[in-house]
Amino acid sequence: QVQLVESGGGLVHTGGSLRLSCTRSGSMFTINRMGWYRQAPGKERELVAAVGSGGNTDYGDFVKGRFTVSGDSAKYNLYLQMNNLKPEDTAVYYCNLLGYINAVDVGDYWGQGTQVIVIS
């Protein structure tokens, strides 16, 4: 019954900034990772940034210091601050939650995505 809802996408010019938000409802037995992925037209979905259970962060190589992921310790909310946006950042950005819904079953939840468009 976990649901993820993203917001904050939009259309910006090259060099602009956006702040994406992901809000979780419902409970998990354990949470292993929560993060952001993106998918551009005709391309595979790729990792943008994620936070592990211990608070460690993992970023895609393309970020190059431009993006910052943050959230609360209980992982009810997750944010992605994106600065110095480039046209190649254009994609649908998805929030993802990976963990256990009980002692034996893995849950892999996705939001419906928020569109980011960066124009020259």
Side-chain angles (χ1 to χ4, degrees):
Q1 295 182 335
V2 167
Q3 291 185 325
L4 303 172
V5 179
E6 304 98 333
S7 63
L11 188 151
V12 297
H13 290 276
T14 298
S17 298
L18 285 172
R19 184 172 182 264
L20 307 184
S21 298
C22 174
T23 299
R24 170 171 69 96
S25 62
S27 62
M28 294 284 288
F29 186 71
T30 60
I31 297 175
N32 295 98
R33 187 178 66 194
M34 192 173 184
W36 293 94
Y37 291 74
R38 72 184 188 186
Q39 187 166 20
K43 302 185 70 175
E44 296 182 353
R45 189 170 297 185
E46 62 183 350
L47 171 71
V48 178
V51 182
S53 60
N56 58 300
T57 56
D58 189 20
Y59 290 94
D61 291 338
F62 59 85
V63 171
K64 297 181 180 180
R66 298 179 297 127
F67 297 176
T68 302
V69 64
S70 62
D72 57 60
S73 60
K75 294 184 171 60
Y76 281 98
N77 296 281
L78 190 72
Y79 309 99
L80 182 68
Q81 179 65 47
M82 304 187 293
N83 298 322
N84 193 24
L85 284 161
K86 304 175 181 179
E88 52 263 42
D89 295 319
T90 296
V92 177
Y93 285 70
Y94 297 91
C95 183
N96 171 247
L97 178 64
L98 178 67
Y100 283 86
I101 59 176
N102 53 46
V104 296
D105 296 317
V106 175
D108 189 5
Y109 297 95
W110 295 88
Q112 293 189 342
T114 184
Q115 176 75 63
V116 171
I117 300 175
V118 185
I119 60 175
S120 300

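The structure presented is a predicted model; accordingly, all values stated were derived computationally and were not measured.
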- Item | Hydrophobic cluster (4.5 angstrom, side-chain heavy atoms) - remaining members for V106 |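 Noted: V106 shares its cluster with F29, L98, Y100.
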For the hydrophobic clusters of this structure (ILVMFWY residues joined by side-chain heavy atoms under 4.5 Å, transitively), does one cluster hold both [X] and [Y]?
X	Y	answer
V51	Y109	yes
Y37	L85	no
Y94	V69	no
W36	Y59	yes
V63	V116	yes

- Task: Kindly give the heavy-atom pair with the smallest separation between L47 and A50, and that separation in Å.
- Result: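 In this case the closest contact between L47 and A50 is CD1-CB, 3.9 Å.
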- Query: Given N32 and S53, is the side-chain hydrogen bond (donor to acceptor under 3.5 Å, both in side chains) satisfied, shown in steps?
  - Reply: CA-CA 5 Å; N32 295 98; S53 60; 5.4 Å; no
Within the 4.5 Å heavy-atom criterion, are [X] and [Y] side-chain neighbours or not?
X	Y	result
C95	W110	no
Y79	T68	no
L4	M34	yes
R24	I31	yes
L11	I119	yes
H13	V118	no
T14	P87	yes
L20	E6	no

- Partner residues of E46 under the side-chain contact (heavy atoms from CB on, under 4.5 Å) criterion, sequence neighbours left out: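 By the side-chain contact (heavy atoms from CB on, under 4.5 Å) rule, E46 matches R38, F62.
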To the nearest 0.5 Å, what is the distance between [atom1] on [X] and [atom2] on [Y]?
X	Y	atom1	atom2	answer
S17	N84	OG	CG	7.5 Å
N102	M28	CG	CE	9.5 Å
R33	D108	CZ	CG	8.0 Å
L78	S21	CG	OG	9.0 Å

Would you find more than 12 non-hydrogen atoms of other residues, nucleotides or ligands less than 6.0 Å from [X] atom [atom1]?
X	atom1	result
E88	CD	yes
Q115	CD	yes
Q39	CD	yes

- Message: Using a strict threshold of under 4.0 Å (side-chain N to carboxylate O), is an ion pair present between R66 and D89?
- Response: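 Salt bridge between D89 and R66, a charged N being under 4.0 Å from a carboxylate O: yes.
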- With distance as the sole test, does D72 use its side chain to make a donor-acceptor pair with the main-chain N or O of N77 at under 3.5 Å?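 Yes; at least one donor-acceptor contact below 3.5 Å.
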- Query: Is a donor on one side and an acceptor on the other found under 3.5 Å between the side chain of N83 and the backbone of F67?
  - Reply: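 Judged by distance alone, no pair lies under 3.5 Å.
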- Query: Applying disulfide (SG to SG under 2.5 Å), which residue pairs with at least one partner in residues 31-86 are found, sequence neighbours left out?
  - Reply: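 Qualifying pairs: none.
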